[in-house]
2 protein chains.
Amino acid sequence: MERTSFAEMRCSLARGLDMIGDWWSPLIIRDLFLNVTRFDELIEDLGISRNLLTRRLKSLVECGVIDREIYQRRPVRYEYRLTESGRDLVPVILALTAWGDRWARPKEGSPILFVHKTCGHQFQPQVSCSACGQAISADAVKPIAGPGGAAKPGTRLVARRLQGAS
Amino acid sequence: MERTSFAEMRCSLARGLDMIGDWWSPLIIRDLFLNVTRFDELIEDLGISRNLLTRRLKSLVECGVIDREIYQRRPVRYEYRLTESGRDLVPVILALTAWGDRWARPKEGSPILFVHKTCGHQFQPQVSCSACGQAISADAVKPIAGPGGAAKPGTRLVARRLQGAS
DNA sequence: CTATACAGTTCAATCATTGAACTAAAGGGA
DNA sequence: TCCCTTTAGTTCAATGATTGAACTGTATAG
């Protein structure tokens with residue numbers, strides 16, 4: 001009766017969730033992005049239990065999202081850093097943060113704001129279309145069957161329907 | 001020893017995760033978006049346990065992301081639908097799906113592709129700047145302190161640092 | 001010689017998840 | 001009438017995951 005693994009599902013969302021879809025991982029990744037990179041810093045900032053942080057860091061290292069690096073010898077001390085895939089995840093986490101900001105903002109206001117270095121403006125992260133650049137809404141998206149579709153757990157029904165529809 | 005609640009954290013990401021940050025909720029929301037909206041359909045598509053699906057649906061209704069609607073009387077049957085905040089979450093989930101596609105794609109290829117109805121092209125969901133429209137990378141984002149910043153669990157260290165830095 | 005900082009490990013208690021079996025309300029067919 | 005099917009759940013025992021507290025080990029500072 002292990003927790004169901006999403007890793008083998010024929011679904012990119014489920015596979016992504018299998019890597020970072022638990023309660024703490026997104027917060028850990030956000031903290032690494034914000035330069036909170038050491039074990040005891042993460043403990044202090046997040047209030048996560050020590051043994052659980054150990055486990056989470058280990059699993060994030062295993063799936064390649066973060067790296068463990070020595071920042072000091074004598075005594076040996078490690079810090080954690082985002083890898084390429086981890087940095088690639090940051091915009092997604094910012095988009096989720098923006099959603100939380102829209103629908104569950106603390107009454108005191110947003111705790112963190114973001115400035116786009118390239119253009120210099122404070123901004124909201126939004127999800128947009130890679131073809132035309134416009135922000136996308138759920139209504140404007142039509143899902144179609146991809147080459148890897150299959151009626152396996154995670155998309156048992158969905159795969160069938162997409163095949164039939166398109 | 002309850003699971004730590006993120007709902008009171010002074011952090012929009014944590015508050016968002018408190019609503020939909022468990023293993024199954026994003027998959028449920030994706031399925032509702034894909035018109036898999038009934039209890040037994042979700043059971044079949046996802047392979048989630050029945051009592052757990054009951055709990056997840058209840059908590060998603062409670063936090064306002066989905067709605068329960070009668071689609072048939074005699075006997076009364078319900079289906080679940082995304083609310084406004086739920087539909088607003090879809091692009092974020094698509095962005096996470098695209099990340100999974102980049103870093104954990106099944107060898108058979110992407111199971112689902114997306115077409116932007118507005119422009120007619122197949123596309124990758126990307127996170128972009130609301131000010132200039134460009135896609136953003138982690139390196140191009142500078143976090144600054146917002147009005148609601150506070151040294152409370154979830155951003156104990158981060159809030160202090162942002163105050164000091166900016 | 002003691003205190004402190006850092007990065008964890010170990011442990012018992014509690015909570016969450018799983019899968020199987022069960023309930024309930026109606027409709028349809030023999 | 002009786003039985004089977006559909007749909008949407010509930011109940012239960014077993015197993016895993018999470019929590020918080022206490023502990024370990026290495027090294028520097030005073």
Side-chain angles (χ1 to χ4, degrees), chain A residues 1-9 14 17-18 20-28 31-32 36-62 66-81 153-154 156-157, chain B residues 1-9 14 17-18 20-28 31-32 36-62 66-81 153-154 156-157:
Chain A
M1 289 191 194
E2 251 174 30
R3 171 147 68 188
T4 308
S5 169
F6 291 174
E8 295 310 315
M9 284 188 183
L17 290 171
D18 196 71
I20 52 95
D22 64 278
W23 290 80
W24 289 107
S25 289
L27 288 172
I28 293 170
D31 268 19
L32 298 186
V36 177
T37 58
R38 300 180 187 177
F39 191 89
D40 276 24
E41 289 179 335
L42 290 166
I43 292 290
E44 186 187 353
D45 193 58
L46 298 177
I48 185 177
S49 160
R50 290 172 165 273
N51 57 358
L52 190 51
L53 179 59
T54 300
R55 284 238 295 273
R56 285 284 158 268
L57 290 171
K58 201 166 290 180
S59 92
L60 289 172
V61 167
E62 270 165 21
I66 69 175
D67 255 347
R68 187 173 176 250
E69 280 174 25
I70 294 177
Y71 72 88
Q72 159 191 302
R73 299 173 185 284
R74 323 178 39 100
V76 176
R77 294 275 185 269
Y78 298 97
E79 68 183 350
Y80 294 88
R81 301 206 157 278
R156 216 183 270 281
L157 250 176
Chain B
M1 289 189 193
E2 251 175 30
R3 171 148 67 187
T4 310
S5 167
F6 291 174
E8 295 311 312
M9 285 188 182
L17 290 171
D18 196 71
I20 51 94
D22 65 275
W23 289 81
W24 289 106
S25 290
L27 288 172
I28 292 170
D31 268 19
L32 297 185
V36 177
T37 58
R38 301 182 185 176
F39 191 89
D40 276 24
E41 288 179 336
L42 290 165
I43 293 289
E44 186 186 355
D45 193 58
L46 298 176
I48 185 176
S49 160
R50 290 173 164 273
N51 58 359
L52 190 51
L53 179 58
T54 300
R55 284 236 296 273
R56 284 286 155 268
L57 289 172
K58 201 166 288 178
S59 93
L60 289 171
V61 167
E62 270 165 21
I66 69 174
D67 255 346
R68 186 172 178 251
E69 281 174 25
I70 294 179
Y71 72 87
Q72 160 190 305
R73 298 173 187 284
R74 326 179 35 99
V76 176
R77 294 276 185 267
Y78 298 97
E79 69 183 349
Y80 294 89
R81 300 207 157 278
R156 215 183 271 281
L157 250 176

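No hydrogens, no waters, no symmetry mates; every other heavy atom, side chains included, goes into these values. Values in this document were obtained by computation on a predicted structure and should not be read as measured data. The chains referred to below are lettered A, B, ... by the order of the sequence lines, with proteins before strands, and numbering in each begins at 1.
In this structure, Leu57(A) places its CG atom 16 Å from P of dC6(C), rounding to the nearest Å. Spacing between atom OH of Tyr78(B) and atom P of dA26(C) amounts to 12 Å, rounded to whole angstrom units. Between the NZ atom of Lys58(A) and the C1' atom of dA17(D) there is a distance of 16 Å, rounded to whole Å. Following rounding to the nearest Å, Ile28(B) (CD1) and dG9(D) (P) show an atom-to-atom distance of 12 Å. Residue Leu52(A) contributes atom CG, which lies 8 Å from atom C1' of dA17(D) at whole-angstrom precision. In this structure, Ile70(B) places its CD1 atom 11 Å from P of dG9(D), rounding to the nearest Å. To the nearest angstrom, P of dA8(D) lies 8 Å from CD of Gln72(B). The distance from atom CG of Asn51(A) to atom P of dG16(D) is 17 Å, rounded to the nearest whole Å.
Here Trp24(B) reaches the OP1 or OP2 of dT18(C): one of its side-chain N or O atoms lies under 4.0 Å away. When the side-chain nitrogen and oxygen atoms of Thr4(A) are compared with OP1 and OP2 of dT18(C), one or more of them lie within a distance under 4.0 Å. Using a 4.0 Å cut-off, no side-chain N or O of Arg3(B) falls inside it from OP1 or OP2 of dG20(D). Applying the 4.0 Å criterion to OP1 and OP2 of dG9(D), one finds that Tyr80(B) has a side-chain N or O inside that range. In this structure, Thr54(A) does not reach the dG8(C) phosphate: none of its side-chain N or O atoms is under 4.0 Å from OP1 or OP2. Listed pair Arg50(B) / dC12(D) fails the phosphate criterion, with no side-chain N or O lying under 4.0 Å from OP1 or OP2.
Looking at heavy-atom distances under 4.0 Å, Arg73(B) makes no contact with the nucleic acid at all. When heavy atoms are screened at a 4.0 angstrom cut-off, Arg38(B) is found touching the sugar-phosphate backbone but no base atom. Within 4.0 Å of Arg74(A), counting heavy atoms only, lie sugar-phosphate atoms of the nucleic acid but no base atom.
Between Asp22(A) and Val76(A), the residue whose closest nucleotide on DNA chain D is further toward the 5' end is Asp22(A). Of the residues near DNA chain C, Trp23(A) and Arg68(A), the one whose nearest nucleotide (by heavy atom distance) lies more toward the 5' end is Arg68(A).
The backbone N or O of Glu44(B) sits nowhere less than 3.5 Å from a side-chain atom of Glu41(B) that would complete a donor-acceptor pair.
Taking the side chain of Ser49(A) as heavy atoms from C-beta on, and the options dG27(C), dA7(C), dG20(D), the nearest nucleotide is dG20(D).
Within a 6.0 Å sphere centred on CD of Glu69(B), heavy atoms belonging to other residues, nucleotides or ligands number more than 12.
Side-chain atoms of Arg77(B) come within donor-acceptor range of the base of dT6(D), with a qualifying N/O pair under 3.5 Å.
Annotation for Phe6(B) and Asp18(B): closest pair N-OD1, 2.9 Å, computed over non-hydrogen atoms.
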How far apart are the C-alpha atoms of Arg81(B) and Glu79(B), what are their side-chain angles, what is the distance that settles it, and do they pass the side chain to side chain contact (heavy atoms under 4.5 Å, CB included) test? CA-CA 7 Å; Arg81(B) 300 207 157 278; Glu79(B) 69 183 349; 2.9 Å; yes

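Salt bridge annotation for Arg50(B)-Asp40(B): present, with a cationic side-chain nitrogen under 4.0 angstrom from a carboxylate oxygen.
Here the CG-CG distance, from Asp31(A) to Leu157(B), works out to 8.0 Å after rounding to the nearest 0.5 Å.
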